[in-house]
Every structure is written in C-alpha cells, then in structure tokens.
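Below: one structure, written as structure tokens.
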Amino acid sequence: MSSHAHSLLERLTEPQRQAVEHRGTPLLVLAGPGSGKTRVITHRIAYLVACGESPSSVLALTFTNKAAGEMRRRVQELMSGHGDASRIVAGTFHAFGARVLRRYAEQADVPSDFTVLDTDDQAKACKQAISEAGEGSDRFTPNAVLSEIGGFKDQLLSPDAAAAQSRDWRARTIARIFAAYEKVLARSKALDFDDLLCRTARLLREHEEVRELLRGRFRNMLVDEYQDTNHAQFCMVHELAREHRRLCVVGDPDQSIYGWRGADLRNILQFEQSFPDATVIPLGENFRSVRPIVDAASTLIQRNRQRRHKELRSMRGEGDAPIYVRCVDERSEALRVVRELEAGRERGVPWKGMAVLYRMNSMSRVLEEALRRADIPHQVVRGTAFYDRREVRDLVAYLRLAANPQDELALGRVANVPARGLGDTSLSRIELHAAKRGMPLIEALRMPEEAGVTARAANAARKLAELVLAWRREAEGSPAEALGELVGRIARESGLEAHYLQEDRENADEGESRVENLAQVVSASSEFVSERLAQEAVGEEEGVPPLRTGLDALRAYLERIALVADSDAFDPENGAVTLMTLHAAKGLEFPLVCMVGLEQGSLPHARSMDTPGDLEEERRLCFVGMTRAEDRLLLTSAASRTMRGQPMATIESMFVRELPDEVVREDTTEDYGDDGSDGIDAPAPRPGGLRVGMRVRHPLFGVGTIEAVSPRGGSTALRVAFAAVGRKTLIQEFARLQVIG
DNA sequence: TGGCCGTGACTTTTT
DNA sequence: GTCACGGCCA
C-alpha cells in the first residue's frame, strides 16, 4: 500500500475506515445524520485511486450539483497531486444521463441536440398533449397527468406499454395523453427530466454494446443519498454495476423525504436482495449534535416501522436539551424565534450559524416580518430560484429558440412577450397550418399569410422568425467567447429589455429590477463560457466536446441552466440567518436551529396524515430538521395559525408527544407579543373586542383612548385620542392595537 | 388582441 | 392572503 493510501485511512473512525477500505462486494453504508457520510465517500474515492485504480474509472452519482461539486473539491484536496482528480466523473444522475444520451443518441433514439425542458415547459407540453388527445383540462389537470406520466417513465414504460396495462377508461386516456405528450416533446427535440433517467436506463438495458462500453469504463461506482433513488435510477445503477459489483452506495433510510417525488425506499431497505453478496456497514456515531438532540431525534424516529435499525450516538457529549414551546399564535411564535436568535447572538453564535425551518414556504412570511422588525439579517432560501423568474425564463426561451428554432414550447412562451400583436389566435392558426403542411413552426412563421392571419399578426410573425433566424446565424458564425454578446443582443432585440425597463419604472418597489436580472443572465453566460474554455485549456472534463462556435457555447450554457437548479444559490458565508423549508435543509447543519409549526396539519402535513407510509415520511422530515442542529434546538407550535386568511385553532403535532421527557416544555402561558417593549407585534384584538373608553397602544402613535367605534364597510373604524399625536381614525383590522390594562 | 376582473386553488420540489 | 388562470369586454 502506498504511503498516501495509508495516510488516507488515518483520522477515520473504525467503521468509516472499513467503509473506505472495503473491496470485492457491493457495499451499503447506512450513514446516520452527522456520521461523516461525505467523508467516507471522498476518502473512498481518493483511496481507490491511491490503490492504483484509474481516476477515469470512477463514477460518483449524486442528486444535486452542489453535492457533486463539493465531492469533486474534497476529493481533489485529498488526492493532492496523487493522480488527476479531474478525470473522475462526479455528477448528478441527470447530468450523467444527459451526457450518455448525447453520446449514444442514435442507439437511445433521441436527437443528439435535444434540449432539456424545465418544469414550466413540461406543464405547457402536457397541456398541449391533453388537448391534442382530445380531452379537456377540466377533467385532467396538467399536474395530475404529469405526475402519472412521471410514474410511467419511472417504471420505464413506453406509451404503448402504459396503454397495455391500463385497466379502466381513465388509465387508458392518460396513456393516450402520454403518447401525445411524447409526440409534443419529439417535435420540439426535447427531453424532460424523467427522460434523462429512463431513457438512459432503457439504453443500458437494451443495448448491450453500450452497456459493455460503459461498464468497462466505470469500474468503480459510488452513489450518494441512495435512499432518494427512484426505480429508473436504480436501473441505471444496477445495469452498470451488477457484473463487476464494484459499487458503494451511501444513504440513510431515516432521511428519505422525497417519496412523493418517486424515491423508492425499497432500493435501500432491500439492497441485499438486489445485490445478494452485499456488505452493510452502519455508521451511527454522530459528530454533529450534542447528546440530548441526538437522543430526542433518535427517540422520535424509532416510531417508524419502515427502517433499518441503527443506534445513533452523539460523540459530542452533553449539551442543552431541545426546547419545545406552544405559542399563542404564529406572530407570538415568530417572536419566540426572534428571542431565541437574539439570545444565540449574545452567546456568540454568528447569524449565519442559525436557521429557521418550516414545513411550507407560506410559513416564512410571518417569520420574515418578525426578523425584519427585529433587525436580524436573514435570507430566505426561496422556492423560486433565479432561473425560475419570469423575465429570466423569457430570455432563456429566446435563447432556446436561437439554439433550436424548432423549439415550439419556447416559441409558445415568448411569441407575444413583449406584446407584438401576435396573440394566441394567430399563433394557433399558424401552428395548425404548420402541422397540416408538416413544416417546422419557424418556417410557417415566415409565411404567415398562408395560415390566414391578420396583416398585423402576419407582420409580427415574419419579424419574429427573421429575428430568431438572424440570431441563429450569428450563433453559428461567432466564436464561443462571444456568447455574452450574443445573449445581450438577444435580450435587446427580442424587446425584452425595453419591455421590462418599462415595467421596472412603473413598479419601483419590486425590490429588485427585472432588467438587472436580464443583465445577470448575460454575465452568467459569459462567465460560464470563460470558465469552460479555461477548463478546456488545461484539458479537464474529458469526453466533453470542445466549444467552438457561439452555437456550441449557447447549447452548453442552456444545458447547464437546465440541469442546475439554484438551491445552489444558498450561500452559507452570508452573515445572515437562513430561513428555509425542512426539505431544503437536508444535508446542512447549524449550531442553532428553530423549527416552527409543529402542529397536526402542518407537520405532519394534512395531506400526509392518513396513510401510514406518508406519515412516516413526515416523521423523517421532522427527524431531518432536528438533526440539523448542532448545539441548540428550539421547537415551536402555534395554538392558532392563520391559514388561507382564516385564523384556525390547531392541535399540537403528534411528533411532540413522541419526543422524550428530557425535551424541555417551556411555560406556555407566556405571551411574547405582550412583552412590554414597543407592542408592535401584539396580536390584534378579536373583532368586536374594542369598546369606547379602552386604553390602547399603537406601534407608531403610542398610548391612547378609544373615543368611537363605528362599522365601516366590512370593517370597523376607530377614533382614538393619542397622548402624543392627538386624534386619529384607524381601521381596526389593520392598526395593530394592543389593549392596555 | 389585450387588459381587466373574478374565481379558485393552495406541501414538500435535489434535476 | 396571494397568485394564476380563464372569461369577458373594449
């Protein structure tokens, strides 16, 4: 063994070392939270290479780009010159699938220059398919259909196969819509995210020569977050690894929280059935959290039936027990959180070491408001990422058109953005005409008269087609370096820039400017290209074709943004408290964590309370949240929570009762809204609770006396005489008045 | 064609 | 409460 290989085994615990060293049979590492999962994977890769395996024989699959990037970075560090880390293939399942499909496009029966649809286009394509199948979207909502189509794809079923196994009318209809959907995608030369997996799995299953080539190349496989794999991903892994069986998967069934997205827990629970001579190594030592936090989370998760037994032990020793508080309402809850964060700050925890977690994005609002009032710097990890914003997607749609003028979905999105007189009626007329004549839509746009549209629409259509084709020519004729200029030109000539400039002006308080976001796309594209060209110069990323023309660059950039969601935008270096959903928190850790909304209906969520399997997933979600905390964990619930504008009495989460007695139940009678400070956050009085003569406190005006109460429209107007500012008329529902005394 | 208004729906969302 | 979509009217 080389000394470098030897040194890699130092500073690992015994089970970690076993997992790194193990050879010869498939390996399942059951890695509890904070047990050094990433450490094991990265050390294992570096160790394999140090023992003489070629870096290019290593394939490491992850779910997120962030995880893949982190893995590459850490492996590189560990290898420190012992071998070429850049030849290791570490990427997401989807990116790997896309790469294989492009390479073996012919065998996979996909166009080699396919584009990848985002969720929005997927919905549009689905709508289109529903209507092409002759159904109304009243009976079949795109989202419901899409999730069934996703299910078919996950099971590697073709539309025909799906139709063949349909029992009733509804299933047969959905299979027909599925077939229509596949046609829409094919016309646009597009694949959706599920295609990247299922088509790769089918390619590997059906084409022995491709399978053998890839098996020969990737003789060392690793899979991260194995509990989140779906059936198609399992097939990809199984096809590649079942012969050489040099496979190491790492995961934790207790942290499987994506069942609703198709993750199949059986993949990890029944690993030994799929790979009969498998070895299993549990990692139960937790190096992240203090003992009472680990114990509380562990007690909770033991209620689940669908799990593999694993003792969790804190290696950090004693610390504060988690605290649970039942608050009056969500505002009071938010204030309790604020108090906790401020106390943490006083103990020396930096803001960035704190997180507030919730089940639903809609719960962030009240928290944001409270943190803003308390002047606590914070960032919300949003559901809608940069590339999800309207203006960005509009520009991206134009870019896609330039790359692929046949992209009907992109065209449909921006044909009339900004408004150019080419509305739905004319567009569908032209679409119909194109379909009849069997010509690409872009060609039909150039001769709109044939479709019989108004002169205004015809003019707009022709201009649009000419624009798109001109961009396309420029893309082909310009060097890759000039991508930024091309993107800038498209932003300008499409009219988007002027359009959003106008909108920015009218909407000064949008917070951030849409035009600025467009400019960000321009700079992001040009940064992307220079990065890629720099990599090419040093010969990194083998097997990826070099970028020559602007068109190559444009395609590569589009692929990147299709496959890179930007939860990657989460920046832990930012000196701010992080607000995010429990799902988004997976894989992260913070010294101080607040988890809000522990109520029946929120956690567990109302839609997941009735079936035992779903309920267990909710419990795992709670487990994941709790185990993010290193030193201190605050759990809260609100006795009353406003949902859909209505205040509703809530029932404490069943998970609270499942926690051990050691968890401190804090005094619940305390009202954080009535702490005598400025009264800003006092809960509003119940309607009708105010009477003439009452003394009240207003956040801005101070203390006063109610002089009159009168109904006005649907609300109640109050005349209040304030000591400091005199008489004011206030609307009761909006003025957060607090009754004194 | 396009804008405005009313209705309904509304977990989570690695790619 | 908020957002998105569909229908209706100018």
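To find a chain, count down the sequence lines: A is the first, B the second, and so on, and within it residues start at 1. Note: hydrogens, waters and symmetry copies are ignored here, and every other heavy atom, side chains too, is used.
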For A:T62, which contact category applies under a 4.0 Å heavy-atom criterion: base, sugar-phosphate, or nothing? nothing

Look at A:E369 together with A:R372 and state whether they make a salt bridge at an N to O cut-off of under 4.0 Å. no

A:R641 has an atom CZ; how far is it from atom P of C:dG1, in whole Å? 17 Å

Salt bridge present between A:E368 and A:R365 (N-O < 4.0 angstrom): no

Per A:D228 side chain, nearest of listed nucleotides B:dT15, B:dT14, B:dT1: B:dT14

For A:E559 and B:dT15, what is the distance between atoms CD and P respectively, to the nearest whole Å? 14 Å

Got a sec, which residues hit ring-ring contact (aromatic ring centres under 6.0 Å, His included) with A:F114, two or more places apart in sequence or on another chain? none

Shortest non-hydrogen contact from A:I430 to A:A461? CD1-CB, 4.0 Å

Mapping A:L582 and A:L427 to their closest nucleotides on DNA chain B, which lands nearer the 5' end? A:L427

A:F63 CZ to B:dT13 C1', in whole Å, measures 13 Å

The criterion is ring-ring contact (aromatic ring centres under 6.0 Å, His included); which residues satisfy it with A:Y181, sequence neighbours excluded? none

If the cut-off is 4.0 Å, is A:N65 near the phosphate of B:dT15, judged by side-chain N/O to OP1 or OP2? yes

Taking side-chain hydrogen bond (donor to acceptor under 3.5 Å, both in side chains) as the definition, give me every residue that meets it alongside A:S426, ordered by chain and number, with sequence neighbours left out. none

Are any protein N/O atoms closer than 3.5 Å to N/O atoms in nucleotides 8-12 of chain B? If there are, list each pair with its distance.
unit_1 : atom_1 : unit_2 : atom_2 : d
B:dT11 : O4'    : A:H605 : NE2    : 3.1
B:dT11 : O2     : A:R359 : NH1    : 3.0
B:dT11 : O2     : A:R359 : NH2    : 2.5
B:dT12 : OP1    : A:N361 : N      : 2.8
B:dT12 : O4'    : A:R359 : NH2    : 3.2
B:dT12 : O2     : A:W260 : NE1    : 3.4
B:dT12 : O2     : A:R359 : NH2    : 2.3

Can you tell me whether the side chain of A:R261 and the base of B:dT15 have a donor-acceptor pair closer than 3.5 Å? yes

Over how many whole Å does the gap from A:H94 atom NE2 to B:dT13 atom P extend? 16 Å

Please give me the minimum heavy-atom distance between A:L156 and A:R202, naming the atom from each residue. O-CD, 3.8 Å

Can you label the angle between the A:H238 ring and the A:F234 ring as parallel, tilted or perpendicular, going by 30° and 60°? parallel

A:K124 NZ to C:dA4 C1', straight-line distance once rounded to whole Å: 12 Å

Determine the contact category for A:N416: base if any of its heavy atoms lies under 4.0 Å from a base atom, sugar-phosphate if only primed atoms, P, OP1 or OP2 are that close, otherwise nothing. sugar-phosphate

Counting only pairs under 3.5 Å, give me each side-chain donor-acceptor contact of residues 601-612 of chain A, with atom names and distances, residues two or more places apart or in other chains.
unit_1 : atom_1 : unit_2 : atom_2 : d
A:H605 : ND1    : A:R607 : N      : 3.0
A:S608 : OG     : A:E618 : OE2    : 3.3
A:T611 : OG1    : A:D614 : OD2    : 2.9

Could you state the atom-to-atom distance from CD of A:E225 to C1' of B:dT15 in whole Å? 14 Å

Table of protein N/O atoms under 3.5 Å from nucleotides 3-5 of chain B N/O atoms:
none

Distance, rounded to the nearest Å, where A:E368 contributes CD and C:dT2 contributes C1': 14 Å

Distance, rounded to the nearest Å, where A:K127 contributes NZ and C:dA4 contributes P: 12 Å

